[in-house]
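Here the structure is a predicted model, which is why all the values come from computation and not from measurement.
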Amino acid sequence: MILFSDVLARLKIILSQHHQRSKIKDKDIAEVLGLSPQYFAVIKRRNKVPYEAIANFCKKYNINMNWVLLEQPPKHLT
């Protein structure tokens with residue numbers, strides 16, 4: 001089972017490295033996923049993974065979607 005909390009943690013890792021900030025907030029993740037903060041809060045509470053938004057995020061940042069969702073290597077696409 002894919003847990004939203006695990007996916008969220010990996011998204012925070014990517015954003016903190018990309019933006020060179022140690023603290024990434026939920027509103028930052030909602031923004032890069034193209035989701036409203038209110039909708040993000042709802043899906044987080046319901047543990048629903050926004051697959052399409054994550055696919056677009058992975059394409060933009062050249063990240064392996066399997067790593068984001070399942071923590072399967074490699075992290076970056078070549």
Any non-hydrogen side-chain atom of [X] less than 4.5 Å from a side-chain atom of [Y]?
{"X": "D26", "Y": "L8", "value": "yes"}
{"X": "I63", "Y": "R10", "value": "no"}
{"X": "W67", "Y": "I14", "value": "yes"}

Point to revise | With F4 via ring pair (Phe, Tyr, Trp, His ring centres under 6.0 Å) - residues at least two apart | key: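 By the ring pair (Phe, Tyr, Trp, His ring centres under 6.0 Å) rule, F4 matches F40.
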Point to revise | Residues in ring pair (Phe, Tyr, Trp, His ring centres under 6.0 Å) contact with H19, at least two apart in sequence or another chain | key: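 If we apply the ring pair (Phe, Tyr, Trp, His ring centres under 6.0 Å) test to H19, skipping adjacent residues, there are no hits.
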Check your understanding: Quick one: hydrophobic cluster around L3, which other residues, with the 4.5 Å side-chain cut-off, linked directly or via members?
Key -> M1
Which heavy atom in [X] sits nearest to a heavy atom in [Y], and how many Å separate them?
{"X": "L33", "Y": "P50", "result": "CD1-CG, 4.4 Å"}
{"X": "Q72", "Y": "N64", "result": "O-ND2, 4.1 Å"}
{"X": "C58", "Y": "M65", "result": "SG-CA, 3.7 Å"}
{"X": "D28", "Y": "R21", "result": "OD2-NH2, 2.8 Å"}

Review point. Do Y61 and L70 belong to the same hydrophobic cluster, where Ile, Leu, Val, Met, Phe, Trp and Tyr are linked whenever their side-chain heavy atoms lie under 4.5 Å apart, directly or via other members?
Key: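 The answer is yes; both residues are in one hydrophobic cluster.
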Check your understanding: Looking at L15, L35, V7, which one forms a side-chain contact (heavy atoms from CB on, under 4.5 Å) with I29?
Key ->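 For I29, the side-chain contact (heavy atoms from CB on, under 4.5 Å) test succeeds with only one of L15, L35, V7, which is L15.
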Check your understanding: Taking everything shown except Y51 itself, do over 12 heavy atoms lie less than 6.0 Å from its OH?
Key -> yes
**Study point:** Atom pair CD (Q38) and NZ (K27), whose distance is rounded to the nearest 0.5 Å
**Key:**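 Answer for the CD-NZ pair, Q38 versus K27, is 12.0 Å.
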